[in-house]
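Accompanying notes for the structure given below.
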2 protein chains.
Amino acid sequence: MNKTIYDVAREAGVSMATVSRVLNGTAVVKEETKAKVQAAIEKLGYRPNAVARGLASKRTKTIGVILPDVSDLFHAEVLRGIEDIAMMYHYHIILTSSDAREDREIDLIGTMWEKQVDGLVFISERITKEIVRTFEQAQLPVVLCATDDPEGRIPSVAIDNESAAYDATRFFLDQGIANIAFFGGPTTHRVTMERRHGYERALQEAGQSVQESLILHAPDMKYEGAHSVAAEFLRQGHHAAAVVAASDEIALGYLNAVRDRGGNSPQDVLLLGFDNTRLSTIVRPELTTVAQPTYDLGAVSVRLLTKLLNEEPIDDYTVRLPHSIIERTSTKRG
Amino acid sequence: MNKTIYDVAREAGVSMATVSRVLNGTAVVKEETKAKVQAAIEKLGYRPNAVARGLASKRTKTIGVILPDVSDLFHAEVLRGIEDIAMMYHYHIILTSSDAREDREIDLIGTMWEKQVDGLVFISERITKEIVRTFEQAQLPVVLCATDDPEGRIPSVAIDNESAAYDATRFFLDQGIANIAFFGGPTTHRVTMERRHGYERALQEAGQSVQESLILHAPDMKYEGAHSVAAEFLRQGHHAAAVVAASDEIALGYLNAVRDRGGNSPQDVLLLGFDNTRLSTIVRPELTTVAQPTYDLGAVSVRLLTKLLNEEPIDDYTVRLPHSIIERTSTKRG
DNA sequence: ATGAAAGCGCTAACAT
DNA sequence: ATGTTAGCGCTTTCAT
C-alpha cells in the first residue's frame with residue numbers, strides 16, 4: 001500500500017498534478033485521462049497519504065475533541081453525535097479526556113494545535129479566561145458543546161440550562177408541591193449553577209423561599225458521590241417531597257439512598273432527573289427527566305464547526321437546542 | 001504560534017538540525033547551545049508541527065481505534081483505558097465507530113492507513129478472513145481488544161469468555177439449580193457464542209441436557225432488544241429459574257420483563273449479568289455479574305501495541321485477563 | 001558537536 | 001486540459 005502519487009502518475013502516463021486533480025476534483029480533467037488515472041489507482045491499490053496532504057494543504061480534515069471523561073454516559077452519547085457528523089463531512093476525530101482539569105485542558109489545546117487539527121469541539125465544566133486565552137493563542141476555530149462561555153465570545157451549542165431547571169421546578173410547583181430540593185453537581189460546575197439559578201427563580205416566582213438546607217451538591221455528576229451525599233442528607237433527618245436533580249445519575253443516587261432506608265419513589269419522593277440517558281428507562285421506577293438532545297448537542301456542534309471551517313454564512317453563533325420534560329413513573333403521584 | 005523550526009534556529013543562532021536535536025533528544029548537544037535553543041523556543045512560543053514530523057519521520061504517534069459504538073457503556077469504558085495508556089506513552093487516539101458493520105470496518109482500516117496511524121486497536125463482534133486480509137494489506141500493527149481471532153494469528157487482549165460463562169453457569173449449578181437459561185447477543189457475535197459454549201459445557205458436565213428453549217438471543221448486547229425478547233419468552237409461558245446473561249443490559253432486559261408481569265429478582269428469577277458495568281450497582285436489585293477488567297482490556301491492549309511498535313520483546317501475543325464473579329442481590333436466594 | 005542538504009508525499013501556483 | 005516546480009515543516013543522512 002505504500003505507493004505514491006508518482007507511481008500512479010507513471011502507471012497512468014500522466015503527471016502527478018493530474019493525478020492530484022482527479023483525486024481531489026480540484027479542476028476539470030478529460031474523462032479519458034480520468035479513467036486512466038482511476039484504473040492506475042485501482043491497479044496499484046493506491047491510497048493517498050493524509051499526512052502529506054495535511055502538510056501541503058495545511059488542512060488535516062481532523063477535528064479535535066476535548067471532554068472531561070469518555071466513559072461518562074452523557075459524554076459518550078454526545079461524542080457519538082460528534083463522530084457521526086464529522087464522518088459525514090469527511091472529518092476524523094482526535095479524542096482526549098481532560099478529567100475536567102483546567103491544566104490538562106490547556107495542555108491538550110496545545111497538543112491539538114501540534115496535531116494541526118482544523119478545529120476543536122470543547123466540552124468542559126467551566127470556561128475560564130485562561131482557557132479562552134489559550135484558544136485565541138492557538139488560533140483554532142472552537143465550538144463549545146453543552147456549555148457556553150460567560151462572555152458569549154465563543155461559538156457554542158447547548159440547551160438553556162436555566163430555563164430547563166426552571167421548567168423542571170415549575171413541573172412540581174404547578175402540582176402544588178412545596179419542599180422541593182435541588183440536587184446538583186459541584187458548585188464550580190457552570191451548568192450546575194445555571195440550573196440552580198433556574199430552580200431558585202421558579203421558587204421565588206412562586207413566592208416560596210429558597211431554603212439552603214434543600215440544596216444539595218454532589219462532588220460530580222455521577223451516581224456514587226450523589227448516593228453518599230443523599231444518604232447523609234436523609235440521615236440528618238431532612239426531607240424533600242420532590243427533587244430536581246442535575247443528572248440522571250444524581251437522581252438515582254438519591255433514589256437509592258431513599259430505598260436504603262426502606263422508602264421508594266414515587267411514594268416517598270418525586271424524582272426528576274436530567275439528560276434522559278439510557279439509564280432513565282432501564283431503571284425502575286422509570287425516571288422522569290429533562291431531556292437534552294444529547295446526540296444532537298454533539299452533532300450540531302460539529303455542523304457549526306464545519307460552517308466555521310468552510311466560512312459558510314452562520315445565522316447564530318450561540319445555538320440553543322430545545323429541552324423537554326419526559327414524564328415517567330418517578331413523578332407519578334398515587 | 002505558527003513559527004517554524006527555522007525561526008527558532010535563527011533566534012538561537014544555530015542550525016535547524018540542532019534545534020531538531022534538542023527537540024527530540026536524538027543526539028548529544030552541548031548544554032550551552034541547548035539552553036540557547038530552549039530560550040528561543042520559549043521566547044517564540046514555538047510548538048513543533050506534528051504533521052510535518054509525521055511526514056518526515058513516518059511515525060505519527062497516533063493510534064487508530066475502531067469499535068462498534070462509543071456510546072455503549074462497555075466500549076466507552078474500554079476506550080477510557082485505551083486513551084489513558086496511549087496518553088501515557090505519548091500517543092494520540094483517532095476514534096471511529098463501525099456500528100459493527102464489516103464493510104465499515106474494512107473501510108475504516110483503509111482510512112486509518114491514510115491517516116498513517118502507527119497502529120490499531122480493533123474491537124469487533126467477529127474477526128472475519130476479510131478483516132484479517134485487510135489488516136495484512138494495510139501492513140498495520142493491530143491488537144484485537146475484547147476478542148481474539150479464531151486462528152490466533154493476531155495479537156489480542158481479552159478474557160476467556162468460554163470459561164467465564166462456564167463459571168457463571170457453575171455458580172448456579174453448584175446451588176443445585178436446574179432450568180438455567182442463557183441469554184446472549186446475536187448468534188453472529190463471536191463472544192456470545194463462546195459464552196454460550198461455556199454455558200453448554202457446564203450443563204453437560206453436570207449431566208443436564210441443553211434445552212434449546214432456554215437459550216435466548218437478543219438482537220444486540222443492549223437493553224431494549226433484550227427486553228422485548230425476554231417479554232416474548234415469558235409471554236409464551238417459558239420459565240427459567242436462573243439466567244446467565246451475556247451483558248448487564250441483557251440481564252436488565254430480562255429483569256424488567258419479569259417485573260412487567262409483576263415478578264421480581266431474586267424472588268422469581270436469579271440473574272447473572274456480564275461486564276460489571278456501572279449499571280450493575282446503580283440498579284436495584286444490584287446485579288450479580290461476571291466482572292471483566294473493562295478498563296484494563298483497553299489499557300493492556302495499548303500497552304501491547306506500544307511493545308509491538310517499539311519492537312520490545314513480547315512474552316505473549318494472546319493476553320488473557322482474569323474474570324471473576326461479583327455476587328450481589330440479584331442471585332441471593334431467600 | 002554542529003551544519004548543509006536531501007527528502008517525506010502531497011497541494012497549489014504558475015506555465016503551456 | 002495537463003505538466004513543471006516550488007514549497008509545507010520537519011527528520012535524517014552525510015559532512016565537517
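Each chain gets a letter, A, B and so on, in the order the sequences are listed, and its residues count up from 1.
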Residues [X] and [Y]: side-chain donor-acceptor under 3.5 angstrom:
X: A:Glu83; Y: B:Thr96; value: no
X: B:Asp316; Y: B:Thr318; value: no
X: B:Arg53; Y: B:Asn24; value: yes
X: B:Thr306; Y: B:Arg303; value: yes

Set of residues satisfying side chain to side chain donor-acceptor pair (under 3.5 Å) with respect to A:Thr33, sequence neighbours excluded: none

Any residue meeting side chain to side chain donor-acceptor pair (under 3.5 Å) with A:Gln116, in chain and number order, not counting sequence neighbours: none

Specify the separation, in whole Å, of atom [atom1] of [X] and atom [atom2] of [N].
X: B:Asn24; N: D:dG9; atom1: CG; atom2: P; result: 17 Å
X: A:Ile41; N: C:dC10; atom1: CD1; atom2: P; result: 10 Å
X: A:Glu31; N: D:dA1; atom1: CD; atom2: C1'; result: 13 Å
X: B:Gln116; N: C:dG9; atom1: CD; atom2: P; result: 8 Å
X: A:Lys36; N: D:dT2; atom1: NZ; atom2: C1'; result: 11 Å
X: A:Asp7; N: C:dC8; atom1: CG; atom2: C1'; result: 14 Å
X: B:Leu23; N: D:dT11; atom1: CG; atom2: P; result: 6 Å

Beyond-backbone contact of B:Glu130 with B:Ile106, side-chain heavy atoms, under 4.5 angstrom: yes

Divergence of helical axes at both termini of the helix from C:dA1-D:dT16 to C:dT16-D:dA1 - five pairs an end, 10° steps: 40°

Tabulated below should be each protein N or O lying under 3.5 Å from an N or O of nucleotides 3-6 of chain D; please produce it.
{"residue": "D:dG3", "atom": "OP2", "partner": "A:Ser15", "partner atom": "N", "Å": "2.7"}
{"residue": "D:dG3", "atom": "OP2", "partner": "A:Ser15", "partner atom": "OG", "Å": "3.2"}
{"residue": "D:dG3", "atom": "OP2", "partner": "A:Thr18", "partner atom": "OG1", "Å": "2.7"}
{"residue": "D:dG3", "atom": "N7", "partner": "A:Arg21", "partner atom": "NH1", "Å": "3.1"}
{"residue": "D:dG3", "atom": "N7", "partner": "A:Arg21", "partner atom": "NH2", "Å": "3.4"}
{"residue": "D:dG3", "atom": "O6", "partner": "A:Arg21", "partner atom": "NH2", "Å": "2.3"}

B:Ser20 side chain near D:dC10 phosphate (N/O to OP1/OP2, under 4.0 Å): no

Distance below 4.0 Å between B:Asn49 side-chain N/O and D:dC8 OP1 or OP2: no

Neighbour count >12 (heavy atoms, 6.0 Å) for atom CZ, A:Arg153: no

Heavy-atom pair of closest approach, residues B:Pro186 and B:Glu125: CG-OE1, 4.3 Å

Heavy-atom pair of closest approach, residues B:Val143 and B:Val157: CG1-CG2, 4.2 Å

Listed once per pair and sorted, the ring pair (Phe, Tyr, Trp, His ring centres under 6.0 Å) pairs that draw on residues 131-150 of chain A, sequence neighbours left out: A:Phe122-A:Phe135

B:Ile5 side-chain proximity, nearest of C:dT2, D:dT2, D:dC10: D:dC10

Sugar-phosphate only, base, or nothing, as touched by A:Thr33 at under 4.0 Å among non-hydrogen atoms: sugar-phosphate

Contact residues, residues 51-63 of chain B to DNA chain C [heavy atom, < 4.0 Å]: B:Leu55, B:Ala56, B:Lys58

